[in-house]
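Worksheet for the structure shown next.
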Amino acid sequence: MFLSPRQPHGGRPYNGPPVTVPARHQLLPAREVDPRRALPAMEQQVLERWREREVFEESVRLRAGAEPWVFYEGPPTANGRPGSHHVLSRVFKDIYPRYKTMRGYQVQRKGGWDCHGLPVEIGVEKELGIGSKAEIEDYGIDKFNAKCRESVWAYLEEWNRLTERIGFWIDLEHAYRTLDPEYIESVWWALAQINERGLLYEGHKVVPYCPRCGTALSSHEVALGYRDVVDPSVYVRLPLHFPAGPLQDGDALLIWTTTPWTLPGNVAVAVAPGATYTRARVNGEVLVLAEDRVAAVLGEDAQVLERFPGSALVGQHYAGPIFDTGQAGEPPIIAGDFVTTDDGTGLVHIAPAFGEDDYEAAKANGLFDPHDPKTLFNPVKPDGTYDERVRNYAGRSYEGRFVKDPSLTKELISDLEERNQLFLKNNYEHSYPHCWRCGTPLIYYAKASWYIKTTAVRERMLAENDTVGWHPEHVKLGRFGDWLKNNVDWALSRERYWGTPLPVWRCAAGHVHVVGSFAELHSLSGVTLKDPHRPFVDEVRFPCAQCEQPMRRVPEVIDVWFDSGAMPFAQHHHPFADPGADFANDRERFPADFVCEAQDQTRGWFYSLLAISTLLWDTTPYRNVVCLGLILDADGQKMSKSKGNTVEPWAVLDAHGADAFRWYFFTSKQPWDGYRFSEEAIAEGVRQFLKQLWSTYFFYGLYAKANADALTQATDLLGGVGPRDDDLDVWALSRTAAVAELVGERLDAYDATTAGRAIAELVDELSNWYVRRSRRRFWDGDPAAFATLRTCLLTVSKLLAPFCPFIADEIYDNLDGTLASVHLCDFPAAADLPTRDPELEDAMAIARETVRLGLGARGQAKIKVRQPLSEAVIVASGRERAAIERLADIVREELNVRQVRFVAGADELGEYEVKANYRTLGPRFGKHMPQAADAIAALDPAHVAKMVREEGQLGIAIDGRDHTLTPADVLLTMRPPEGYSVEREGAHAVALDLTIDADLLREGHAREIVHAVQSARKSAGLQIEDRIELSLSGDPALVEAAEAHSDYLIGETLTVDLRLGDDGAAADMEHREQAAIDGLSLLIALRRAEPA
RNA sequence: GGGCGAUUAGCUCAGUUGGUUAGAGCGCUUCUCUGAUAAGGAAGAGGUCCCAGGUUCGAAUCCUGGAUCGCCCA
């Protein structure tokens, strides 16, 4: 039964620390409710209670042995202050685990911290006032890394505080940390596994590189250093030795470059295979270039001799190399899909060591072996100077010359000129990246780098991705699927210091050994590392198994995304802590049922998780992913510290509370669409929802206290409250059940937004309809009303628990408290919920609509609702009429009329109009729909109404053919007559009789007087249950009205002694007020009556 | 340049498989109710559903093209 305490299924009884649950009658709340309670302060108290009762721990313990539901925490870095976007992801990481726990699953939540990486290093560099790798090495890698280790935790305390404050339940005490030796060992193990499959290799990566600092720059650093510069723009002839296809003797290819220093690295020329190329004659020579570029490059006088597609050039060779570098053979023309004809000549010189497109194109055409770094032709040394191979054809060496030296550029160009290969030179102004530290122009430069051959599992990753539930759905095939389709091998290594060391050792002969555990390293070298970080690990050497030469570790550390992507197993120190475990089939640990991060993680964590798990176990590491959008400020601007438009989480929490913060994120919009964040929006949620809920809860508490005696005796309602006789009770319970079903269904679909909005709607209905219409019964102490509202509130508190865990727990604890927290309860399931009565839900909707129309009619006539009227005339028939008749009392009271009368037809109130129902007839008539609609509109509405009512069908001729229409096919609409106070909508209208006779007027006055007395009671500071002595004097009409309705007056105002028209009595009362009613004056005097 | 998403009232957002006159909240104006609610209710003002084509009896919704904004990539 719904109200009875239940054992949560799938777990043991509560056996945590002793919990004090106040002994009390169940319909009575444990504590009084403060209507103006500040929510943040309330939340602090709830937090305290959670700590005392160990509610989080217990909520997990309780489900021991139950089916696991696995959550992975994507680790944040604690070296920066947490912001609002962290609150966003953390509350979404909280709501679903809470929900699933209440559904009976066991949800372990292990926290985690990402500790390595460039952001940490940069923070330390700033702190030390240094900015280059040389300076770090001068400072000492050991000391530098020690600083990094420290600074990782700079804001740990604030992270922990914020995590607790927002109600994010996660085990921070046993959080995994990517810097721990155990974690690193698991990462090593994974790399060794990948290596055993032959998927770890050394290749090249073309990176923005500062030749002076000798360091690669991150894209962020590159963005810091763009400057407008003037570079030479040179067009170079490449003669042909053996022209073929469309090419002829004496033709030359024409290429364009703004970086002449890359020409010695040339190994090919790329063309766009689909574009049109020409042989064009200008000044007696024939040049080959894209047709689109002829006029711009050769001038208007150039003569196009022949056109052909770029593909006709592919496979031909030109005379080369451009500079004498000792390269053998003639370089080829290849296809490049990146080649455009927007600038240059449509023929692009390819130097694979100096451009990413170049590198990929050369690799794709087999111009070097990507798995053998030595085969990539790179004549530039890491210090930015040419090596001994570069010379001109006169034999002059360029060895040792710095490639960005302007005088070198001049020499290279004049060398081309001397050989008659320079076609044109001018200047080119463009934005070019420079080193943000030293100002040197950056070069794109192929660095040796370690790769994981993820392309080997690309198809597998795509197949696995297909099984993942992405939210929003479009990420699967869109952003993420697209990324996977274009997957390239994972560049794993970083030439940095603070990171998981790459466990690769190599000897002078180039033999490679990948170490997969500390034990293995010990057995090879005899060394036991206390700290596996650099520089200690760098010192470990051991003899090569093949050649006996010493093996030394390569200097790189690994990409931090590999760290975090390894968390499914590394957080458990698998396989070292659980030898022999079948991890991939361990339902308690793998795969995750749920992960949740911001959308930028598609290329970050979501990818690294999938890649690693696919490499190791051929399977996805997660089943459902929720992607969160970006938080913008109220003007749609990205939040950033420099703009000063960030919203500090603490300010929001202090002012509005965690529930309000959470509620905003859950319900203001679908989370992946991003937010326009403002405190005002959060405050609105508080007013609209949290305060309304609190106020309903307060109302319950207030009247429960006032009726404590009656409720204490009403024990029969507690065993199990079935459907009540009262329509409002049944309706409220039915609506609650309906919303509970919907909320469960939506949360199962990871749609917290729709679920939350449904809860808000329910609370609104309870507050503004159920309670509003049931006040009298609460005033009278009707236990059924209390039991109903209590059931609804408790159900709401359970539905709301995953969303707003604080207010939900406060309400539960005070109204029920059987368990130590609402978070130990089961989520309301169908079997626990009150019975649905869809017919009544429907009827109530119609009744409310009728009331709305009636109030509209009153508004038109400008007659206050307090003034009773004799009659409301309602036009309705069939289902609607039955609904309103069933709920006539509610309609009557709400409209304040003495009776409601029904008229079946329009006859008395107006006329019908008849229209076709497009929805049913459209599919039937198709193209003939307009004729059908016309024919129906031409019918006599009264006849249609009669036929529909009496026959249930209607014959009609359309285009000379007979058709039978059902009542659903026609829509009857009211048209009101002139001069009536009528509100209408659809087939439905309400008219009010506006005659106010003396009797009605007296009753209206009586109600006004009661209202005035109630205000006086309130301003006199009386409690709602206080009895009073009351004296009314003044205008005779008012006194007369009070007399005529004295029973009503006495009952409403709790008067034990009523004096009318007695000025003397008024003089004795402490509290006197002058009231004006309908322009008449009334003196109200009252005092509290002593209890008998 | 490519991929993805968004565009509906002054603002924040709903809008189910295409169906009659496109909704809510906030804000504004007027009125009103209230012994729970700095709340609620009624009425009013406020819309080329980004634009242009197309499909259809019928398009905010489906298709094509374009614009603007955002994110990611190049």
Side-chain angles (χ1 to χ4, degrees), chain A residues 33 35-36 219 338 340 342 356-357 472 474-475 477-483 485-486 598-600 602-604 627 629-630 632 634 636-638 664 667-670 672-676 678 680-681 683-685 687-689 691-703 706 753-754 757 760-761 764 767-769 771-772 775 778-779 851-860 862-866 894 896 915-933 971 973 983 985-986 1010-1011 1013-1019 1022-1026 1052-1054:
Chain A
V33 181
R36 298 197 183 279
S219 57
F338 57 92
T340 70
D342 297 337
E356 188 163 2
D357 282 335
H474 60 75
V475 177
L477 297 176
R479 184 173 290 207
F480 196 60
D482 190 58
W483 162 257
K485 248 186 252 166
N486 298 315
Q599 245 175 34
D600 54 13
T602 38
R603 276 136 172 103
C627 299
L630 217 71
L632 306 174
Q637 298 289 307
K638 195 170 172 174
Y664 167 77
T667 59
S668 71
K669 59 194 305 192
Q670 292 290 352
W672 35 83
D673 289 338
Y675 295 83
R676 285 208 172 191
S678 69
E680 190 39 52
E684 191 178 318
R687 278 198 306 275
Q688 296 252 303
F689 176 65
K691 281 288 184 190
Q692 192 176 37
L693 173 61
W694 189 263
S695 160
T696 308
Y697 160 62
F698 164 68
F699 173 90
Y700 179 91
L702 181 69
Y703 282 90
T753 308
T754 306
R757 286 174 176 175
E761 204 178 310
D764 184 67
S767 171
N768 287 323
W769 191 245
V771 167
R772 173 185 161 85
R775 275 202 195 103
F778 286 97
W779 184 236
V851 166
R852 199 176 69 76
L853 293 174
L855 290 175
R858 263 189 185 271
Q860 274 192 357
K862 296 209 182 287
I863 296 177
K864 290 181 165 191
V865 178
R866 261 201 297 269
E894 189 68 16
N896 195 18
K915 281 184 178 175
N917 183 355
Y918 282 79
R919 192 190 279 271
T920 61
L921 295 178
R924 214 166 119 192
F925 287 100
K927 273 196 177 102
H928 304 292
M929 191 57 213
Q931 292 95 304
L971 297 169
T973 311
E983 281 292 309
E985 191 161 294
V1010 166
H1011 175 55
V1013 173
Q1014 303 291 34
S1015 302
R1017 280 184 61 115
K1018 206 173 188 175
S1019 59
L1022 299 182
Q1023 299 291 305
I1024 59 164
E1025 64 270 26
D1026 284 339
E1052 288 297 304
T1053 59
L1054 296 187

In whole Å, what is the span from the [atom1] atom of [X] to the [atom2] atom of [N]?
X: A:Q692; N: B:rG40; atom1: CD; atom2: P; value: 7 Å
X: A:D482; N: B:rC71; atom1: CG; atom2: C1'; value: 14 Å
X: A:D764; N: B:rA24; atom1: CG; atom2: P; value: 13 Å
X: A:Q688; N: B:rA39; atom1: CD; atom2: P; value: 10 Å
X: A:D357; N: B:rG1; atom1: CG; atom2: C1'; value: 12 Å
X: A:F699; N: B:rA39; atom1: CZ; atom2: P; value: 19 Å
X: A:E894; N: B:rA42; atom1: CD; atom2: C1'; value: 12 Å
X: A:N486; N: B:rG3; atom1: CG; atom2: P; value: 11 Å

Residue mapping more 5' on RNA chain B - nearest nucleotide basis, A:T753 or A:H1011: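 In this pair, the answer is A:T753.
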First encountered from the 5' end of RNA chain B, between A:Y675 and A:A1016: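 Closest to the 5' end, via its nearest nucleotide, is A:Y675.
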Looking only at the side chain of [X] (C-beta and beyond, no hydrogens), which of the listed nucleotides [options] gets closest?
X: A:R603; options: B:rG25, B:rG3, B:rC73; result: B:rC73
X: A:R36; options: B:rA38, B:rG19, B:rA36; result: B:rA38
X: A:S695; options: B:rA14, B:rA36, B:rG25; result: B:rA36
X: A:E684; options: B:rA74, B:rU37, B:rC26; result: B:rC26
X: A:T696; options: B:rA74, B:rC71, B:rA36; result: B:rA36
X: A:R479; options: B:rC71, B:rA36, B:rA14; result: B:rC71
X: A:H474; options: B:rA14, B:rC4, B:rG40; result: B:rC4
X: A:M929; options: B:rA36, B:rC71, B:rG19; result: B:rG19

Approximate separation, where rounding is to 0.5 Å, of A:L630 CG and A:D600 CG: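 Taking CG in A:L630 and CG in A:D600, the distance rounds to 7.5 Å.
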OP1, OP2 of [N] versus side-chain N and O of [X]: anything below 4.0 Å?
X: A:Q599; N: B:rC72; value: no
X: A:Y918; N: B:rC57; value: no
X: A:K669; N: B:rC13; value: yes

Please give me the minimum heavy-atom distance between [X] and [Y], naming the atom from each residue.
X: A:Q599; Y: A:C627; value: CG-CB, 3.5 Å
X: A:T753; Y: A:Q670; value: OG1-OE1, 3.4 Å
X: A:W694; Y: A:P35; value: CD1-O, 3.8 Å
X: A:W779; Y: A:Y703; value: CE3-CE2, 3.3 Å
X: A:R479; Y: A:T602; value: CD-OG1, 3.6 Å

What does [N] pair with, Watson-Crick or G-U, if both distances are under 3.5 Å?
N: B:rU21; value: none
N: B:rA42; value: B:rU30
N: B:rU37; value: none
N: B:rG1; value: B:rC73
N: B:rA52; value: B:rU64

Please confirm whether any donor atom in the side chain of [X] sits under 3.5 Å from an acceptor in the base of [N], or the reverse.
X: A:R775; N: B:rU37; answer: yes
X: A:S767; N: B:rA39; answer: no
X: A:R676; N: B:rC11; answer: no

Atom [atom1], compared across [N] and [M]: separation rounded to whole Å:
N: B:rC51; M: B:rA67; atom1: P; value: 15 Å
N: B:rU30; M: B:rU12; atom1: C1'; value: 25 Å
N: B:rA52; M: B:rU68; atom1: C1'; value: 15 Å
N: B:rU17; M: B:rU32; atom1: C1'; value: 42 Å
N: B:rC4; M: B:rG66; atom1: P; value: 14 Å
N: B:rA59; M: B:rA22; atom1: P; value: 13 Å
N: B:rA6; M: B:rC50; atom1: P; value: 12 Å
N: B:rC73; M: B:rU56; atom1: P; value: 43 Å

A:E680/A:R687 under salt bridge (Lys or Arg N to Asp or Glu O under 4.0 Å): CA gap, chis, key distance, verdict: CA-CA 11 Å; A:E680 190 39 52; A:R687 278 198 306 275; 3.7 Å; yes
Plane angle bin for A:Y664 and A:Y675 - parallel if under 30°, tilted between 30 and 60°, otherwise perpendicular: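 Judged by the thresholds at 30° and 60°, the geometry between A:Y675 and A:Y664 is tilted.
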Remember a base hit wins even if backbone is also touched, and classify [X] as base, sugar-phosphate or nothing at under 4.0 Å, heavy atoms.
X: A:F778; result: nothing
X: A:E356; result: nothing
X: A:V475; result: nothing

